[in-house]
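Notes to accompany the following structure.
Not measured: the values here are computed from a predicted model.
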Number of protein chains: 2
Amino acid sequence: MSEGRAIPEATVARLAVYLRVLGSLSDGGLSTISSEALANAAGVNSAKLRKDLSYLGSFGTRGVGYVVQVLREQISTCLGVTEHRSVVLVGVGNLGHALAGYAGFGSRGFRIAGLFDADPRRIGEGISGLTVQGMDELAAVVAQEAVSIGVIATPADAAQEVCDRLVAAGVTSILNFAPAVLSVSDNVDVRKVDLAVELQILSFHEQRKAAGLKAVL
Amino acid sequence: MSEGRAIPEATVARLAVYLRVLGSLSDGGLSTISSEALANAAGVNSAKLRKDLSYLGSFGTRGVGYVVQVLREQISTCLGVTEHRSVVLVGVGNLGHALAGYAGFGSRGFRIAGLFDADPRRIGEGISGLTVQGMDELAAVVAQEAVSIGVIATPADAAQEVCDRLVAAGVTSILNFAPAVLSVSDNVDVRKVDLAVELQILSFHEQRKAAGLKAVL
DNA sequence: AGTCGCTTGTGAACGTAGGCACAAAGTCGC
DNA sequence: GCGACTTTGTGCCTACGTTCACAAGCGACT
Ligand SMILES: NC(=O)c1ccc[n+]([C@@H]2O[C@H](COP(=O)([O-])OP(=O)(O)OC[C@H]3O[C@@H](n4cnc5c(N)ncnc54)[C@H](O)[C@@H]3O)[C@@H](O)[C@H]2O)c1
Ligand SMILES: NC(=O)c1ccc[n+]([C@@H]2O[C@H](COP(=O)([O-])OP(=O)(O)OC[C@H]3O[C@@H](n4cnc5c(N)ncnc54)[C@H](O)[C@@H]3O)[C@@H](O)[C@H]2O)c1
């Protein structure tokens, strides 16, 4: 069974990166690639890359490398993005507008099935071929379009409520851009993106560098 | 020496979250908090939280908990955000506009020192009190405003070039929103945010759930 | 056919992170 | 002032992730 072994979380994250890199490489016309070369392009160690790929099975050729097209298919299958997966986006403000207009959505295996907002003034607005709908429509769209992923781009104080509505509608994975901790039942996955947290981590390392410098003086 | 032990990367990421949570709690008027309560609010295990805080020293009171204000100061100091840290943003397109207008920047310890874009049509545009400048101005602003962090929100194919210019100007930490792997020298830190990667990780787990369901049938 | 060089796939060793469980240390009530 | 109760700080153990190093496998060239 190719799905027998459990794939580590860290590996899954890198698989997504490999897939992206393979995309540009195959656009460049390359048909096979060695673990060393792909690892370089993805910014990781080649041993790590090989171990990551080994979780999917072994379809490299020793002495040659991997066939780019085969790798892409294997990784896509593993990540479940062989066909476009539907997502809904809730909160069409500053950030929501940018996300709604983002081309990378479509090219990386996802389709926006609906845009939603609570503000009546936003409802009806058209963004890149979609119309913003009211929250009342959410459940129907999720059910009808088999949406499994919801993206939250509302203010933090609305995030938990929106999350609850998404889950109630049948969404089982959530990507949260609001700076708020969401509580959900065990069968729902949540990932968060917090700009300020990322900056603060960088800031921490800056702090460190400065301290090290001082120690030298 | 309070900075004696090395703080694990994972802990640093959580410290930023604790800081955010403590912010809303102290706005709510709370003056002390137990590890249990804070852990709940931050969505982590209380033992983990205590271990995280222990890296900064030990300033909790047994039987009582932590003084919110003290904790905030300690974490802020550790993360290097006691005073506002300056950042520059390069690439004022869809995403860049949203970032430039983001209030969370200021409230979480950062100040946008400049907005930059290569497109002459964007230069001169005003966004939330700042004017978009040309790339020629970058080096001067970085030097003058002591900028240590650069944010890249340009298309992927421009990211490496922009990164190089930022580093040449003196920036030593980079937050990259473009789906591209950046190569930098060892003294520069890079963090990336890739929407599609996040979605693909969620997609993987959806895949898993679906497979598990099939196994039951 | 045999040999040589290259690249994969993985076992084993190491390092990092998570979580339990409990002694130490403090507060609060009496 | 004392005892009971609460909560911290941490030692230890397990699990996960990374890296090295190399045998096994494949193709190409002679
Ligand atoms: N703008 C950024 O660059 C940025 C960066 C990082 C994080 N964030 C976070 O993303 C979120 C959105 O940011 P923004 O700048 O787009 O804010 P915004 O105020 O421009 O947009 C928020 C949108 O959510 C809608 N909304 C509010 N309550 C709602 C509800 N209960 N149900 C449905 N929709 C609701 C509002 O009508 C509005 O359209 C915030 O939590 C912010 O902290 C933003
Ligand atoms: N829009 C989103 O929601 C979103 C989400 C995730 C990631 N991203 C990524 O963020 C990046 C920006 O996305 P966007 O939607 O804002 O794109 P965009 O095309 O709207 O904006 C890009 C901006 O970068 C500027 N630019 C181009 N080359 C430059 C250079 N060499 N130096 C300086 N500036 C330059 C352009 O003039 C433009 O203003 C892209 O890499 C995209 O993949 C966007």
Side-chain angles (χ1 to χ4, degrees), chain A residues 1-2 4-18 22 25 30-71 74-75 78 186 197 201 204-205 208, chain B residues 1-2 4-18 22 25 30-71 74-75 78 186 197 201 204-205 208:
Chain A
M1 189 64 66
S2 70
R5 284 162 293 188
I7 301 180
E9 192 69 24
T11 291
V12 174
R14 284 190 299 267
L15 285 176
V17 175
Y18 304 152
L22 287 168
L25 289 174
L30 202 67
S31 69
T32 65
I33 189 165
S34 72
S35 63
E36 189 70 35
L38 180 54
N40 265 0
V44 302
N45 180 309
S46 71
K48 185 156 37 172
L49 179 134
R50 288 199 298 276
K51 185 156 283 194
D52 284 343
L53 294 182
S54 76
Y55 287 106
L56 311 187
S58 59
F59 32 79
T61 309
R62 292 171 192 230
V64 177
Y66 301 89
V67 176
V68 173
Q69 213 43 246
V70 171
L71 257 196
Q74 292 291 337
I75 297 177
C78 171
D186 291 345
V197 168
I201 294 171
F204 166 80
H205 290 294
R208 272 288 155 113
Chain B
M1 190 64 66
S2 69
R5 283 161 294 187
I7 302 180
E9 193 69 24
T11 291
V12 175
R14 285 190 296 269
L15 285 176
V17 174
Y18 304 152
L22 286 167
L25 289 174
L30 203 66
S31 70
T32 65
I33 189 167
S34 72
S35 63
E36 190 70 34
L38 181 54
N40 264 0
V44 301
N45 180 307
S46 71
K48 185 157 35 173
L49 180 135
R50 287 198 298 275
K51 187 162 284 189
D52 285 342
L53 294 181
S54 77
Y55 286 106
L56 311 188
S58 59
F59 33 79
T61 310
R62 297 176 189 224
V64 177
Y66 301 89
V67 177
V68 172
Q69 214 42 247
V70 172
L71 257 196
Q74 292 291 337
I75 297 177
C78 171
D186 291 345
V197 168
I201 295 170
F204 166 80
H205 290 294
R208 272 289 155 113

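- Proximity of Y66(B) to the phosphate of dG9(D): a side-chain N or O atom is located under 4.0 Å from OP1 or OP2.
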When the side chains of residues 9-16 of chain B are checked against the rest of the protein, which donor-acceptor pairs come out under 3.5 Å, sequence neighbours left out?
from, atom 1, to, atom 2, distance (Å)
E9(B), OE1, H205(A), NE2, 3.2
E9(B), OE2, H205(A), NE2, 3.3
T11(B), OG1, D52(B), OD1, 2.8
R14(B), NE, D52(B), OD2, 2.7
R14(B), NH2, D52(B), OD1, 3.0
R14(B), NH2, D52(B), OD2, 3.4

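- Residue S35(B) places none of its side-chain N or O atoms closer than 4.0 Å to OP1 or OP2 of dT7(D).
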TODO: Mark up nucleotides 24-30 of chain C, 5' to 3', with B wherever a protein heavy atom is under 4.0 angstrom from a base atom, S wherever such an atom reaches only the sugar-phosphate, and - elsewhere.
DONE: BBBS---
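- Between V67(B) and F59(B), the closest side-chain pair of non-hydrogen atoms is not below 4.5 Å.
- Bending across the helix from dA1(C)-dT30(D) to dC30(C)-dG1(D), expressed as the angle between its end axes from five pairs apiece, amounts to 10° (10° rounding).
- Counting any heavy atom pair closer than 4.0 Å across all strands shown, A10(A) reaches sugar-phosphate atoms only and no base atom.
- dG9(D) atom P lies 12 Å from atom CG of L38(B), rounded to whole Å.
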Cut-off 3.5 Å, no hydrogens considered: what does the side-chain donor-acceptor table look like for residues 35-45 of chain B, sequence neighbours left out?
from, atom 1, to, atom 2, distance (Å)
S35(B), OG, R50(B), NH1, 2.9
E36(B), OE1, S46(B), OG, 3.3
N45(B), OD1, A47(B), N, 2.7

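- Between L53(B) and I75(B), the closest side-chain pair of non-hydrogen atoms falls below 4.5 Å.
- When rounded to the nearest whole Å, the span between OH of Y55(B) and P of dG11(D) equals 11 Å.
- Side-chain contact between L56(B) and I7(B): present, with at least one pair of heavy atoms (C-beta onward) separated by less than 4.5 Å.
- Counting to the nearest Å, the P atom of dG18(C) and the CG atom of L53(B) are 14 Å from each other.
- Distances from the side chain of S54(A) to the nucleotides dT8(C), dT10(C), dG18(C) place dT10(C) closest.
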Considering only nitrogen or oxygen atoms on both sides, find all protein atoms under 3.5 Å from nucleotides 12-16 of chain D and state each distance.
from, atom 1, to, atom 2, distance (Å)
dC12(D), N4, K51(B), NZ, 3.2

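- dT19(D) atom P lies 12 Å from atom CG of L49(A), rounded to whole Å.
- For dC20(D), the OP1/OP2 oxygens have a side-chain nitrogen or oxygen of N45(A) closer than 4.0 Å.
- Note: CG (D52(B)) to P (dT16(C)) measures 16 Å, nearest angstrom.
- Residue order along DNA chain D, read from the 5' end via each residue's closest nucleotide, puts R14(A) first among R14(A) and R50(A).
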